[in-house]
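Worksheet: one structure, shown below.
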Amino acid sequence: MTLALSTRLADYAAVAAALGVDAVALVPGPNFTRALGHSFMSHERPFLVVIPASGSTTAPAALLPNLELGSWTLVGFDGVTFDWRDQTGYDREFAALTAHLGLKSLAVEGQVMRVFVHHALMRAQPGLRIIDAEREISALRMVKTDDDIAALQAAIEISERALSRTLDQIRLGQSEKDIERALVQALFAEGADDLSFAPIVAAGDNSARPHASARADYAVQAGDALLLDFGARKDGFAADITRTVFLDHASDEGRAVYDTVLRANLKGFEVTRPGVTAHAIDDAVTGVLEASPFADRIRTKTGHGLGRDVHEAPYIMRGNPMPLPAGTVYTNEPGLYEIGKFGVRIEDDVLVTETGALSLTTFPKELMVLKC
């Protein structure tokens, strides 16, 4: 069931009230899309929606480039709209917006709002108190609706079909770029709207770099670990999956490292339940890695929230006391990386349910050796 626009905006009005500020401002990005039900591009032209705190009698307001007016009518926004043109600039409209709202304090998305928009607000209302409410605003996306979960599941299923296609095509002597190209083509062939992010395709020593870039000048070889981290985007939601396979054969060391990472991944799933903290999950997962002979190869936390953004709350790491409510989706992605040798990562997308956990990712994760 899709929530009405007024209901979605009320969520942000409640955040403003809880923070003791006059309003919340959203700019194009995942929170903006969640609130309005439509996606708009973030570019050099300022575009924002300001939602007064609960209890205010002032109507919400939007400031947008005139060229977006046609698309804006599709939103069904019943507040006040201030539009501006490239030829005349936007300072006059910022002044009109702040005057309409009577702003003295404002909560913004600290990781999304750009500095020039901040400055335009300050020019329009000198003395305006602006606070970073990224955590509180983005937390509204943490518990997924049934529609959200369905979109995530569709993105994951597309990704898994694409992975199966890609693995069937891998041959020794191909470059990482060749494999990356095949993976991207498979994602779109299977129905992706877009990529969640630029895929990571890394073999041999490159697989020990958690955020490696595919190389055009490296031919994959027998015995290589091949790490693929990728995802399809569908209906605004992003999958994020990693599988590591071995080409032709796996060494004893490769098998031992893989087994360790797999046990850590399984431990993360085992301890997940509603109310468990992000700290507790990471502590359990990392504890498996630390108890192994490969503890010096730990380089990352266990994972992160997943939804409209590839990385969003909650961040699954020690020191984060945030409890995970039912409806949270996070990535369970332990890994071990030996610089100059190879790395292994196994990543699943996990839904916290009312009674425990459900892995939305179903692609096999037992050790796979490709006879290619």
Side-chain angles (χ1 to χ4, degrees), residues 3-86 88-141 308-309:
L3 297 176
L5 175 60
S6 59
T7 301
R8 295 195 303 271
L9 293 185
D11 289 342
Y12 300 94
V15 168
L19 293 171
V21 296
D22 294 331
V24 160
L26 303 177
V27 295
N31 296 314
F32 193 95
T33 301
R34 177 193 182 273
L36 299 172
H38 290 263
S39 179
F40 289 87
M41 184 186 301
S42 178
H43 45 57
E44 75 278 8
R45 300 178 177 95
F47 192 159
L48 70 159
V49 171
V50 185
I51 303 139
S54 303
S56 172
T57 58
T58 304
L63 183 148
L64 61 147
N66 179 270
L67 64 86
E68 298 284 14
L69 276 178
S71 298
W72 186 243
T73 61
L74 302 175
V75 172
F77 185 72
D78 59 2
V80 179
T81 298
F82 299 91
D83 68 286
W84 60 274
R85 297 174 181 268
D86 289 340
T88 54
Y90 46 75
D91 278 349
R92 182 178 60 187
E93 283 68 29
F94 268 95
L97 174 105
T98 55
H100 160 74
L101 293 162
L103 290 180
K104 294 183 180 178
S105 56
L106 183 67
V108 304
E109 307 165 89
Q111 293 181 20
V112 184
M113 180 174 279
R114 292 168 296 168
V115 173
F116 80 98
V117 178
H118 175 279
H119 287 358
L121 285 164
M122 295 301 294
R123 285 196 302 273
Q125 184 64 50
L128 178 64
R129 181 170 68 92
I130 297 179
I131 68 167
D132 179 5
E134 178 72 35
R135 182 178 63 182
E136 292 82 2
I137 294 169
S138 294
L140 295 173
R141 305 201 323 267
R308 292 186 183 276
D309 260 348

Handout entry: side-chain contact (heavy atoms from CB on, under 4.5 Å) between Leu140 and Arg8, intermediate numbers included
Key = CA-CA 10 Å; Leu140 295 173; Arg8 295 195 303 271; over 6 Å; no
Problem - Pairwise distance CG(Asp309) to CZ(Arg141) - rounded to 0.5 angstrom - result: 5.0 Å
Handout entry: Smallest separation among heavy atoms of Leu19 and Ala133, with atom names
Key = CD1-CB, 3.5 Å
Completion exercise
Interatomic distance, NE2@His38 vs CD@Glu68, rounded to 0.5 Å, equals 12.5 Å
Problem - Interatomic distance, Phe32 atom CZ to Leu26 atom CG [nearest 0.5 angstrom] - result: 7.5 Å
Handout entry: Between CG on residue Leu67 and CG on residue Asp83, distance to nearest 0.5 Å
Key = 10.0 Å
List the atom pairs, donor and acceptor, that lie under 3.5 Å between side-chain atoms in residues 94-107 and the rest of the protein, sequence neighbours left out.
{"residue": "Thr98", "atom": "OG1", "partner": "Phe94", "partner atom": "O", "Å": "3.1"}
{"residue": "Thr98", "atom": "OG1", "partner": "Ala95", "partner atom": "O", "Å": "3.1"}
{"residue": "His100", "atom": "NE2", "partner": "Ala59", "partner atom": "O", "Å": "3.0"}
{"residue": "Ser105", "atom": "OG", "partner": "Asp22", "partner atom": "N", "Å": "3.0"}

Handout entry: Test side chain to side chain donor-acceptor pair (under 3.5 Å) applied to Tyr12 - qualifying residues, sequence neighbours left out
Key = Arg34
Exercise for the section: Tell me, please, which residues at least two apart from Phe77 pass ring-ring contact (aromatic ring centres under 6.0 Å, His included). Expected result: Trp72
Exercise for the section: Kindly write out the residues that satisfy side chain to side chain donor-acceptor pair (under 3.5 Å) with Asp78, not counting sequence neighbours, or none if the list is empty. Expected result: none
Handout entry: Pairs involving residues 40-59, ordered by first then second residue, that meet salt bridge (charged side-chain N to carboxylate O under 4.0 Å, His left out) (sequence neighbours left out)
Key = Arg45-Asp86
Practice task
Any side-chain hydrogen bond (donor to acceptor under 3.5 Å, both in side chains) involving residues 108-128? Give me the pairs, sequence neighbours left out, ordered by first then second residue.
Solution key: Asn31-Glu109, Asp91-Arg123
